[in-house]
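All remarks here apply to the structure that follows.
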Amino acid sequence: MLRRTFLTAIALALALGPASFAQTRTVVDSTGRSVEVPDAPQRVLAAGPPASVLLYALAPDKMIGWAREPTPAQKPFLAAPYRDLPTTGRLTGKGNTANIEMVLALKPDLILDVGSVDATYASLADRVQEQTGIPYVLVDGSFGRTPTTLREVGALLGVPETAEKQAVYAETAMSRLETRIAAIPESDRPRVYYGRGPDGLETGLAGSINMEVLDAVGATNVADAAGPGSLANVSVEQVLAWNPDIIIAADPAFRTAVARDPVWADVAAVREGRVYLAPDLPFGWFDTPPGINRVIGVDWLTSILYPGAAPVDLAASMRDFYRLFYHIELTDEQVATLLEGATAEP
Amino acid sequence: MSRAAFRAWVIPLALLAAVLLVSLVVGRYPVGPGDVLRIIAAKLGGEAADVPETAATVVWQVRLPRVAAGLLVGAALAGSGAVFQGLFRNPLVSPDILGVSAGASVGAVTGIFLSLPVVAIQGLAFAGGLGAVAIVAAVGTAARGRDPVLVLVLAGVAIGALLGACVSLVKVLADPYDQLPAITFWLLGSLASTTRGDVLSIVPAIVLGLVPMVLLRWRMNLLTLDDEEARALGVETTRLRLVLIAAATLLTAAAVSISGIVGWIGLLVPHVARSLAGPDFARLLPVALMLGGGYLVAVDTLARCLAATEVPLGILTAAIGAPFFLWLLIAARQAWR
C-alpha cells in the first residue's frame, strides 16, 4: 500500500516534469490560456493598477509591489505596511513601464493581470510569460462578473474565505440595488452625464469600460446617443442638448466650475443641484482604475440616483467595504472627506 | 478696383463672412437661424431676446466664444506662419520651428499632470511656449559668427526634441486612466471648452503681437533678402528679426494656450494667402489672417457638428489641409514664393 502510493507519486512527478517538485497545478485563465501556477503562490506581482487593487484586497501579504506608487493622498486609505511596498511599474499592455530585470530580481512566482482579455492582451501575456518564465494569469476584469473574478482569483491565490466575503459584499450591494430599481421603469431612470478632465468635457461613450458601473446600476448614460466607443471629447453645446438629470464629475475643479459657470446654469442637473463628485481615494469609485475598487460605487450611485423612502446607509457600507477590501477602519473624518461633494447636501 | 486688390481683399473677406455666418447658425443644440440672429442682436443691444433661455446661453456663451476663439487662433497661427516663412526664407517653415508648440505642450501636460485648474494649465502652456523660444533665441544670439538663421533653426530643432522628450516623460508618469487621456486630447487640439474668459484672456497677447507685424510690414520684405543685401539697405537685421520672432511667438503661444496643438494652419494658410496676394508682406499679412481665421472656424464647425463627440482639431486640420496642400503643389506652381 505504502509502496504503491510512493510509486504513484513518482509516476506523477515524472509525468508533470521537473517543475512539479514546486507543487504546481494547471489553471485556465479568462483568455483560455492554460497556465501552470504554483499551488500556493507566495510572491505575486500585479501587472497593472486594476490587478494591484485586486491583489491588495485579496492577499496583501503576497503582494510584492504596486504597479503605480500610492500617492500621499492615497496612503492614509491603505493599510501599513503594504502601502509602503516598492513600485514595480506596469507590465501589461503597450504602455509598459516595468523593468523586466527588476521584476525578475523581485522573484515573483506568479504574475496577475486583470482587465481586457482580447487577443492583444492574451498575446502580451504569453510574451511576458515566455520571456520571464513566470506564470502569467490574465483575468477578465469586467465589472458585471466581479463576484466571479473575486472567487476565481481567491482560489488561485489560496485565500478562498476572504474572496467569499468580498464576493458576498458585492452581491449584496447589487441585489440591494436591483430591489430598489425593480419598480422604476427604464424610462424613469435618471439620465447621467459623466464629465472627466479639468474642463469636464471628456466622457465615456456607450460600452466604454469607464461607464461600466453606471450601466450596472441601470442608469442611462446620455453619451450613449453618440454611439459606442471609449473616451471622447464632447462640446458644451452637446451636453446642453443632452440636458442630463445628473452630472458626475471626476475632477473637483469641474464640479466647482459647473456650479458657478452661467453656461451650465440651465442644465437640469445644475438647476436641481444634482452635480456629484466621484470619490477617488484610495481608488476611484466610478472608473479609475477599472478594477474592483468600483464595487463601492454601487451603493454610492444607488443613494444619489435613486434617493428613495429607505435610504442606503452609505457610511456603514463604506466602513464595511474599506475594512473588507482595503483592510482599514475608516475614521469619521475620512468618511466626511470621501463624501465631500459626493452626495446631496444634508 | 484692381484685379490684385480684388484677389487680396474681396475673396478672403467674402469667404470669412460666409464661414462665420454658417458657423454661428449650426451646432448640436438646435437653434433656428432666425433665433440666432435675434439673440445676437438682442444681446448686443443689451436687452433680453424673446427666445428660450437655454438657446440664448448656447448662442451667446457657447457658440459665439467658440467661433471667436477659432477666428483668433486661426488668424494668429496663420499670421505667425507667414512671418516665420518670410524670416527664414523657407516655405516649409511653420510657427513650431522655434519650439513654441513643444514648449506650450510641456507647460500644458505638466499642468494636467499636477491636476491644476484649466486657467493654470493655459497659463503654463503660454509661459512654456514663450520660454522655449526665449531659450532658442538666447542660443541664437550666443552663437555669433555663423549664419544666424541656420543657428536659430538648429537650436529650435534641438530644443524641440528636448521638450518632446519632457512631454513623453510626463505621459509615462501620468495616471493612465485619468490624466493620460486628458493629455492626449490636449495634444490633439480642441476648442470644445472655450469660454468667453478664454477668448478675452488671449486678446491682449494677440494685439501685442500683431502691432509690430503691422508696423514693420514693409521692412519684413527686406528680411527675405540676404542679410548682407539688407544691411546694405540700412536695415539692422538681427534686431528686426528678434522683434518679429518675439511678436510671432506671442501670437502662437497665446493661440495654442487655449486650443492645444493645432498643426498645419501655420504652414498651409500662408501658402494659400501668397497665391492670392503675392509675396508682398504688407498685402500678405491681412490675407493670411483672414484665411487662417476662416479656415479654423470652418474646421472647428466640422469638429463640433460631424458627430455627437468632438473630432480633435489636429486630426481635421491635417486630414483636410494635407490633401489640399498637395493639390496646391501640383496645380498652383506659378504662385510659388
Side-chain angles (χ1 to χ4, degrees), chain A residues 48-50 67-69 71 89-90 92-93 95-97 196-205 209-210 222-227 229-243 250-254 256-257 261-268 280 283-284 287-291, chain B residues 26-31 52-63 65-66 111-112 114-122 171-186 188-198 260 300 303-305 307-313:
Chain A
R68 267 179 72 77
E69 188 176 5
T71 63
R90 259 173 299 150
T92 178
N96 202 338
T97 60
R196 290 166 52 106
D199 57 17
L201 291 177
E202 195 185 300
T203 195
L205 304 181
I209 194 169
N210 303 84
V222 290
D224 280 354
S230 54
L231 287 179
N233 257 342
V234 294
S235 61
V236 183
E237 200 173 325
Q238 182 62 63
V239 182
L240 293 183
W242 283 331
N243 196 23
D251 190 318
F254 172 54
T256 325
D261 194 334
V263 171
W264 292 85
D266 295 327
V267 177
D280 63 352
F283 306 108
D287 70 339
T288 57
Chain B
V26 299
R28 300 295 302 185
Y29 193 94
V31 187
E53 199 167 327
T54 308
T57 306
V58 165
V59 172
W60 191 248
Q61 311 253 40
V62 177
R63 226 178 262 173
R66 189 161 175 175
I112 296 171
L114 298 175
S115 303
L116 299 180
V118 180
V119 180
I121 294 172
Q122 291 172 348
K171 280 170 124 177
V172 167
L173 295 177
D175 183 334
Y177 302 101
D178 197 9
Q179 295 168 332
L180 198 55
I183 289 175
T184 308
F185 285 128
W186 194 90
L188 287 173
S190 170
L191 292 171
S193 64
T194 311
T195 63
R196 208 154 36 150
D198 295 338
D300 185 51
R304 64 186 165 86
C305 295
T309 57
E310 293 273 328
V311 186
L313 282 179

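Computed from heavy atoms alone, side chains included, the values below leave out hydrogens, waters and symmetry copies. So that the names make sense, note that chain A is the first sequence line, chain B the second, and so on, each numbered from 1.
Most heavy-atom pairs under 4.5 Å with chain B: of the set A/Pro198, A/Ala223, A/Ala225, A/Ala265, this distinction falls to A/Pro198. Chain B forms the most heavy-atom pairs under 4.5 Å with one residue out of A/Gly89, A/Ser235, A/Ala253, and that residue is A/Ser235.
Interface remark: A/Pro262 contributes backbone and side-chain atoms alike to the contact with chain B (heavy atom separation under 4.5 Å). With a 4.5 angstrom heavy-atom cutoff, A/Asp261 touches chain B only via side-chain atoms. For B/Thr184, no part sits under 4.5 Å from any heavy atom of chain A, backbone or side chain. If you measure heavy-atom distances from B/Arg196 to chain A, you find no contacts under 4.5 Å at all. Within the 4.5 angstrom heavy-atom criterion, only side-chain atoms of B/Ile121, from C-beta onward, approach chain A. Proximity to chain A is limited to the backbone of B/Leu116, based on heavy atoms less than 4.5 angstrom apart. Using a 4.5 Å cut-off between heavy atoms, A/Ile209 does not touch chain B at all.
With rounding to the nearest 0.5 Å, the separation of OG1 in B/Thr194 from CG in A/Leu201 is 9.5 Å. Interatomic distance, CD of B/Gln179 versus CG of A/Asp251, reported as 9.5 Å (0.5 Å rounding). Considering CG of A/Asp199 and OG1 of B/Thr195, their distance stands at 10.0 Å, rounded to 0.5 Å. To the nearest 0.5 Å, atom OH of residue B/Tyr29 and atom CG of residue A/Asn243 are 7.0 Å apart.
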Practice prompt. Apply side-chain contact (heavy atoms from CB on, under 4.5 Å) to B/Val62 and A/Leu240, showing your working.
Written response: CA-CA 10 Å; B/Val62 177; A/Leu240 293 183; 4.0 Å; yes

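The two atoms that bring B/Ala308 and A/Val234 nearest to each other are O-CG1, 3.8 Å, heavy atoms only. Contact detail for A/Val236 and B/Ser193: the closest heavy-atom pair is CG2-CA, 4.5 Å. Minimum interatomic distance between A/Leu231 and B/Phe185 (heavy atoms only, all atoms of both residues): O-CZ, 3.8 Å. Residues B/Val26 and A/Glu237 share a closest heavy-atom pair of O-OE2, 4.5 Å.
A search for side chain to side chain contact (heavy atoms under 4.5 Å, CB included) contacts involving A/Pro49 returns A/Ala67, A/Arg68, A/Arg90, A/Pro289, B/Tyr177, not counting sequence neighbours.
At least one side-chain heavy atom of B/Thr309 sits under 4.5 Å from a side-chain heavy atom of A/Leu205.
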